Structures are given as structure tokens and as C-alpha cells.
Amino acid sequence: MPAIVIVGTQWGDEGKGKATDLLADDVNYVVRYQGGNNAGHTIIVGDTTLKLHLVPSGVMYGHVTPVIGDGVVVDPGVLLEELDGLVEQGLDVSRLKISSNAHLIMPYHREFDAVTERYLGRQKLGTTKRGIGPCYADKASRVGLRVQDLYDMKIFRQKLDVVLKEKNAILSRVYNRLPMKAVDIETEYAVYAERLRPYIADTMMLLHEGLEKGETVLLEGAQGTLLDLDHGTYPFVTSSNPVSGGAMTGAGLGPKHIERVIGITKAYVTRVGAGPFPTELHDEIGERMTAVGREFGTTTGRRRRVGWFDAVLARYAARVNGLTEHFLTKLDVLSEFDTLKICSAYRYQDEEFEHFPPHQTAFHHAEPVYEEVEGWRTDITEVTEYAKLPKQAQAYVERLEELSGTPIRWVSVGPARRQTLERDI
């Protein structure tokens, strides 16, 4: 049976949690394959609202095994707090499996994240200050501590002493911060180790055995394509690979297992943090879009920047990820407007780009080339079939499909699971 990848096609916050939750009905495993608690997925089912940061979105299903894969960085304190919150809401979290190869976010990672952002000043990247970037940096430098290190505290302490010697020197001499004590960190993480022990597993083997038995694996990305470390708007990116290729390394699967790649795409565009954003709105329309769409981060609460749909980015995401289909979210938010704009190309220095510009200067200074379409000015949140949407709404969806070059299979007209319309493609 196949593995299915769900990936954000913009700068994150596209609604991946809802899409994952909807599709989890028919799968056996839901796997987070990258990122950390800098991600936020909101799921609404009836009167229950879940705000997830590390736990995969399939946790609401009794038949699904939620998996935190090798490519995720785990803050154990945050994870345990999240699990406790889910238990308080009546959910069974005992099925969760955490890769022993996942890297641990340490207290010095959070400290470095905060002081580095302050040091950068106006050039700051807009990180969540949760230690994700510094943790991935240590992973690449081969001085990171992994989940499995928690189960031999002698090894844990040896590795900690080595890395902390360098970290404390930098914290004190460069940033004028107090050094951290290894014994305090060891004591704290020994407590985490005991609580996490029932969840730790060889998740790669678990997933391969499931696939061999004919079970289905759903791979859930965090953030979005334009925040990918290699393929995003560098340096204003995350520290991992949200694109579909990252799903394989982050979960330990090979390309032969991937059958479908579903791109989650908002009917407009949002972005949190610094960086270029060609279609960003700074006017009253942007204010209304923000208010109606409730565009505030699940993890940070930060206000998201908003803008019109960008087909240049959509085409780019389709190529980078090898998309087989789209899941379009938040179409209902656009019911507010008489006319809508779609960016079909960029213009820079008298040159027009239908595809992602070849260098960052062109992208940073690109002016969107818009086409205008008619809005529908009708509440669509109670529509239950795609064919019953206003003709203008259908025309908008079909134009986005044409411009992106990828079929749109699902259209979301509200946050609840039932507010999802499936199209024949």
C-alpha cells in the first residue's frame, strides 16, 4: 500500500492539520517528518478544538498510530505538556511513537535562538525562538543529542559536557549571558526520559512493517514549501525540509513508497515572520482578510501577513514537490469581496516572470501582475456540494487550478471537517 505526503505549498499556515485529520480516516499511520514545536496545526471536530504542535494530527483516531519521525526536533518538556493537555481533553495518547533518532532541543538551543535574533536586529529572521534552528545546526555539526541518548545518562552527560563547554564560552563571551550548568540539565532531562520511555520506538522499522502488511502511511509536513531550507526564500526560511523530498528522509522511507503528494493551498496567501512577499496587502482589504480569516499563528499568536493568491508560487510548489493534487482551504474568507485578484506573473525591470525568478533581488523587488475576477459576495460556509457553490466561486477555483497546473480535489469552506467539498478530477 502507498505512502501519501501532505505538504504546504506556500509559507505555512495553509490548513494542513484539517487536511491531515480529514484524510486520516483511511490511513493507519500519521507521521510528522520534520520541524519542531515551531509548527501549529488546528483541528476542529464538533465542539472539540485541538491545537497541536508536535503530536501528529491523526491522534484523534483510535485506529491511527501517530508517529514523530527521525527528522523532527523534540523539546521533551513541550511534548509532555502537549500530551498532558490532550489527556485532559479525553484523548488516548498511548499509541504515540517517537523515533529514537529524533534530536532533542536543549535549553541552550532556546537561549541561542533568542539572543541571536536580538543580535541580528533589523536583519532578524523572525524565528519562533523555540530553539529549532540551533538544534538543527547542532545536528548538522554532529554535536546534537538524540532521544536515544536519554537512555544512557552516562553517554548523555559525556555528550552534554563536550557541547556545553563550547556553548557556555559563546554565551558568556559573545552574548554576555550566564553559563548553563550541566548537572541542572542532566537532572531535568532524566525526568523527561522516564516519562517518554513508553513512547520511544524504531519508527522506521515500524513504518516499513506497516507498508509490507498493506497498511497506509500519511506523512504530515510542518511549515511550507517557501520555508524549505533549500528551496524556500532563503535566508527567511525554517531549518528543515518541509518539501515532499524531506518526507522520505524524515521518516526513513524510499521514493518507491510514495504514491500521492497532496499540496495544501490557501485560497489567498499568508506569511509569518520576515521575508519577501510580492502580493502582500497593506490596505483595508488586507485588514478585512486578516480579521475574517483569523490570521494569527497557532503556535505564536503572531499576526500573519496576508496577500492575494500567487500562482507563480503555486507553480513552483507543484514542481518542487511533484504534486498530484491540491487541497484548497479558506475559500469562504474571500466571500467578503466584490472582486478578487490573482497574481499570474511577476514584473521586474521590464521583464516578466511566469516562474520563480532566478535570483533573490528579482524576487524581493518583484511587482505582481494581477488578473481580476468577479467575487460572489455570498456566504458559502453551509454549502455541501461543489456544484452548489456560486458560479463565480467555481470559476475562481478552476482558474487557480489552471494557473497552478495541478488539479484541486478538495475545497474547504470552513474550519470544520464537514465543511469540505470534494471535486471530481
Side-chain angles (χ1 to χ4, degrees), residues 34-39 53-54 68-82 98-121 123-197 199-200 202-203 222 229-230 234-235 237-241 246 249-250 299:
Q34 49 75 223
N37 59 301
N38 55 341
H53 305 281
L54 276 167
I68 295 176
D70 301 25
V72 180
V73 292
V74 177
D75 186 321
V78 171
L79 175 58
L80 288 168
E81 183 179 350
E82 186 171 330
I98 305 169
S99 169
S100 59
N101 289 333
H103 276 247
L104 293 168
I105 293 176
M106 305 297 289
Y108 47 81
H109 292 139
R110 295 190 297 270
E111 182 73 358
F112 270 98
D113 212 353
V115 296
T116 303
E117 278 287 273
R118 288 199 295 271
Y119 186 80
L120 288 171
Q123 303 301 314
K124 67 182 180 180
L125 303 175
T127 78
T128 59
K129 302 183 181 67
R130 283 161 167 76
I132 280 76
C135 184
Y136 275 114
D138 277 2
K139 177 180 178 178
S141 297
R142 293 163 292 179
V143 295
L145 281 84
R146 298 189 293 175
V147 168
Q148 61 184 272
D149 293 327
L150 291 170
Y151 300 102
D152 188 329
M153 292 310 290
K154 182 179 179 181
I155 290 176
F156 181 90
R157 182 58 185 266
Q158 287 173 347
K159 290 184 175 183
L160 179 62
D161 285 341
V162 170
V163 71
L164 204 56
K165 183 177 181 180
E166 179 197 13
K167 302 299 182 187
N168 277 338
I170 298 171
L171 283 172
S172 59
R173 296 174 190 174
V174 177
Y175 297 109
N176 197 30
R177 308 293 290 181
L178 291 173
M180 295 184 171
K181 295 180 180 179
V183 65
D184 293 342
I185 297 173
E186 180 185 12
T187 301
E188 177 186 355
Y189 278 65
V191 174
Y192 295 150
E194 287 309 305
R195 287 204 59 196
L196 289 175
R197 189 180 296 274
Y199 304 106
I200 310 307
D202 181 345
T203 56
L229 181 60
D230 293 304
Y234 190 89
V237 293
T238 195
S239 303
S240 57
N241 294 106
T249 56
T299 296

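Starting from 1, each residue takes its place in the sequence as its number. Everything quoted here is computed from the prediction, not taken from an experiment.
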Q: Roughly how far, to the nearest 0.5 Å, is the CD atom of E82 from the CG atom of L54?
A: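 These two atoms lie 5.5 Å from each other.
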
Q: Can you check whether M180 reaches K167 side chain to side chain, under 4.5 Å on heavy atoms?
A: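 Side chain of M180 against side chain of K167, heavy atoms only: no contact under 4.5 Å found.
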
Q: Between E186 and L160, which heavy-atom pair has the shortest distance, and what is it?
A: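 Minimum heavy-atom contact is N-CD2, 4.2 Å.
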
Q: What are the two closest heavy atoms between S239 and L229, and how far apart are they?
A: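 Smallest interatomic distance, heavy atoms only, reads O-CD2, 3.8 Å.
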
Q: Please examine the side chains of I105 and I132, heavy atoms only from C-beta on, and report whether any two atoms are closer than 4.5 Å.
A: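 Yes, their side chains come closer than 4.5 Å.
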
Q: Taking it one step at a time, do R110 and D75 satisfy side-chain contact (heavy atoms from CB on, under 4.5 Å)?
A: CA-CA 10 Å; R110 295 190 297 270; D75 186 321; 2.8 Å; yes

Q: I need the N168 CG to R177 CZ distance, nearest 0.5 Å.
A: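 Reported to 0.5 Å precision, the distance equals 12.5 Å.
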
Q: Closer than 3.5 angstrom, by distance alone: can the side chain of D161 be matched with the main-chain N or O of Q158 as a donor-acceptor pair?
A: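 Such a contact is absent between D161 side chain and Q158 backbone.
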
Q: What's the shortest heavy-atom distance between P107 and E188, and which atoms?
A: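 Smallest interatomic distance, heavy atoms only, reads CG-OE1, 4.2 Å.
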
Q: Give me the atom names and distance for the closest heavy-atom approach of D149 to F156.
A: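 Between these two residues, the closest heavy atoms are O-CB, 3.3 Å.
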
Q: Give a yes or no on whether the backbone of A193 and the side-chain of Y151 come within a donor-acceptor separation of less than 3.5 Å.
A: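 Yes, because the side chain of Y151 sits within donor-acceptor range (under 3.5 Å) of the backbone of A193.
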
Q: Verify whether one side chain among D138 and H109 offers a donor that lies under 3.5 Å from an acceptor in the other.
A: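 A donor-acceptor contact under 3.5 Å links the two side chains.
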
Q: How about Q34 and Y136: do any of their side-chain heavy atoms sit closer than 4.5 Å?
A: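 Side chain of Q34 against side chain of Y136, heavy atoms only: contact under 4.5 Å found.
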
Q: So, do P76 and L104 sit near enough that their side-chain heavy atoms are less than 4.5 Å apart?
A: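 Sidechains of L104 and P76: in contact.
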
Q: Over all heavy atoms of both residues, which pair between M106 and L145 is shortest? Give the atoms and the distance, please.
A: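 So the two residues come closest at CE-CD2, 4.5 Å.
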
Q: Is there a side-chain contact between D230 and N241 in this structure, where contact means two heavy atoms from C-beta onward sitting under 4.5 Å apart?
A: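 SC-SC contact between D230 and N241 confirmed.
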
Q: If you compare all heavy atoms of P134 against all heavy atoms of F112, which two are closest, and at what distance to 0.1 Å?
A: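 It is CG-CB, 4.2 Å.
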
Q: Flag yes if more than 12 heavy atoms outside Y234 fall under 6.0 Å of its OH atom; otherwise flag no.
A: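 No, not enclosed.
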
Q: Around atom CZ of R173, are there more than 12 heavy atoms from other residues, nucleotides or ligands closer than 6.0 Å?
A: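 Counting other residues, nucleotides and ligands, CZ of R173 stays at 12 neighbours or fewer.
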
Q: Are there over 12 heavy-atom neighbours, none belonging to D184, within less than 6.0 Å of that residue's CG?
A: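 Yes, because the 6.0 Å sphere around CG of D184 holds more than 12 heavy atoms from other groups.
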
Q: Could you tell me if the side chain of V78 sits less than 4.5 Å from the side chain of R130, heavy atoms only?
A: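 Sidechains of V78 and R130: no contact.
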
Q: Report yes if the side chains of R157 and V183 come closer than 4.5 Å at any heavy-atom pair, otherwise no.
A: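 Side chain of R157 against side chain of V183, heavy atoms only: contact under 4.5 Å found.
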
Q: Rounded to the nearest 0.5 Å, what's the gap from NZ on K159 to CG on L164? Could you check?
A: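 Going from the NZ atom of K159 to the CG atom of L164 covers 15.0 Å.
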
Q: Is there side-chain contact between Y192 and V74, with at least one heavy-atom pair below 4.5 Å?
A: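 Answer no - side chains too far apart.
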
Q: Hey, what do you get for CD (E111) to CD1 (I170), rounding to the nearest 0.5 Å?
A: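 Spacing of CD (E111) from CD1 (I170) equals 12.5 Å.
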
Q: For V147, run the side-chain contact (heavy atoms from CB on, under 4.5 Å) check against I200, L196, N101 and tell me which one passes.
A: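 Option passing the side-chain contact (heavy atoms from CB on, under 4.5 Å) with V147: I200.
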
